[in-house]
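In what follows, chains are A, B, ... by sequence order, proteins preceding strands, each numbered from 1. Values reported hereafter were calculated over all heavy atoms of this structure, with side chains retained and with hydrogens, waters and symmetry mates removed.
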Protein chains: 2
Amino acid sequence: MFKELDPLLHSQLRLGIMSLLLGLDSADFTFLKEKTDSTAGNLSVQLDKLSEAGYILVEKSFKGKKPLTTCRITKKGIRAFEDYVNSLKSYIK
Amino acid sequence: MFKELDPLLHSQLRLGIMSLLLGLDSADFTFLKEKTDSTAGNLSVQLDKLSEAGYILVEKSFKGKKPLTTCRITKKGIRAFEDYVNSLKSYIK
DNA sequence: ATATCAAGTTTATAACATAAACTAATTTAT
DNA sequence: ATAAATTAGTTTATGTTATAAACTTGATAT
């Protein structure tokens with residue numbers, strides 16, 4: 001009847017992050033923070049979760065002297081997102 | 001960029017309940033429990049929340065000697081569901 | 001030198017989802 | 001008749017989550 005909704009993706013902020021990353025080669029912390037209109041703390045936590053699940057890759061470097069956190073979606077993340085959207089369809093017709 | 005996702009509907013079980021009720025005149029507790037494959041406790045709690053929000057109407061009566069809880073979606077619930085689906089689209093393209 | 005800002009991280013708190021335990025009445029078996 | 005099991009739920013407890021608040025670290029401006 002209804003398919004399971006991956007709890008890692010069934011979260012407004014994490015879904016937004018994944019949605020953004022899906023359409024980009026990569027995105028940095030500040031960009032994601034602005035686009036998702038989230039607080040830095042919340043974003044940090046949710047990026048960790050996505051990263052631990054292997055859905056995204058997080059790379060920490062420096063832009064000049066400022067820290068720069070760059071994220072990109074993984075193959076696994078893309079598959080998970082697609083599965084999620086597919087499962088959603090069982091709910092929304 | 002991304003639209004807010006009504007937290008009342010952004011829940012697997014509540015979304016399932018609403019999805020079912022949207023296509024039916026009404027449905028009773030047992031039917032919803034089976035179709036959503038949920039426990040009675042969880043279903044009871046989530047029906048209360050939807051009811052308190054005015055998204056559904058819950059009517060308690062008896063079928064013979066057994067209690068019968070009948071649910072139906074309200075206008076407000078239909079609108080909320082439609083809004084939710086619409087907002088979702090900002091995430092899943 | 002100190003105050004402020006940028007880019008985060010860590011910790012604390014409040015809300016949520018879920019399961020487990022319980023209630024009340026009914027039917028079935030002994 | 002009484003005990004056991006079933007039905008149809010509700011209430012309470014517990015573990016997760018999301019989020020905000022507080023903190024860190026280094027850089028820049030005053």
With rounding to the nearest 0.5 angstrom, report the NZ to OG1 distance, A/K33 to A/T69.
13.0 Å
Nearest nucleotide by nearest heavy atom, which residue falls closer to the 5' end of DNA chain C, A/K66 or A/A40?
A/K66
In this structure, how many angstroms lie between the C1' atom of C/dA19 and the CG atom of B/L43, rounded?
14 Å
Comparing A/S44 with B/T39, nearest DNA chain C nucleotide closer to 5' gives the residue A/S44
Take atom CD of B/E34 and atom C1' of D/dT7, then tell me their distance rounded to the nearest Å.
12 Å
Quick one: B/Q12 CD to C/dC16 C1', roughly how many Å, whole number?
14 Å
Round to a whole Å and report the spacing from NZ of B/K63 to P of D/dG9.
8 Å
Measure from the side-chain heavy atoms of A/P67 and tell me the nearest of C/dA17, C/dA7, D/dT11.
C/dA7
Could you please name the option among D/dT12, D/dA18, C/dA7 that lies closest to any side-chain atom of A/R14?
D/dA18
By nearest atom, which of the nucleotides D/dT11, C/dT27, C/dG8 is closest to the A/T30 side chain?
C/dG8
So if you build clusters from Ile, Leu, Val, Met, Phe, Trp, Tyr with side-chain heavy-atom gaps below 4.5 Å, do B/L68 and B/L43 land together?
no
Quick one: is C/dA17 close enough that its OP1 or OP2 comes under 4.0 Å of any side-chain N or O from B/S38?
no
Would B/D6 and B/Y55 count as a side-chain contact (heavy atoms from CB on, under 4.5 Å) here? Give the steps.
CA-CA 12 Å; B/D6 182 346; B/Y55 288 3; 2.6 Å; yes
Rounded to whole Å, CZ of B/F29 lies from P of D/dT6 at a distance of 18 Å
In whole angstrom, what separates A/N42's CG from D/dA22's C1'?
15 Å
With rounding to the nearest 0.5 angstrom, report the CG to CD distance, A/D28 to A/E34.
9.0 Å
Regarding the side chain of B/L13, the nearest nucleotide among C/dG8, C/dT18, C/dA17 is C/dT18
Decide if atom CG of B/N86 counts as having more than 12 heavy atoms of other residues, nucleotides or ligands within a radius under 6.0 Å.
yes
Can you work out whether A/Q46 or B/K60 has the more 5'-proximal nearest nucleotide on DNA chain D?
B/K60
Atom CG of A/L5 and atom P of D/dT17 are separated, to the nearest Å, by 15 Å
Nearest-Å distance for atom pair NZ/P, residues B/K33 and D/dT7
9 Å
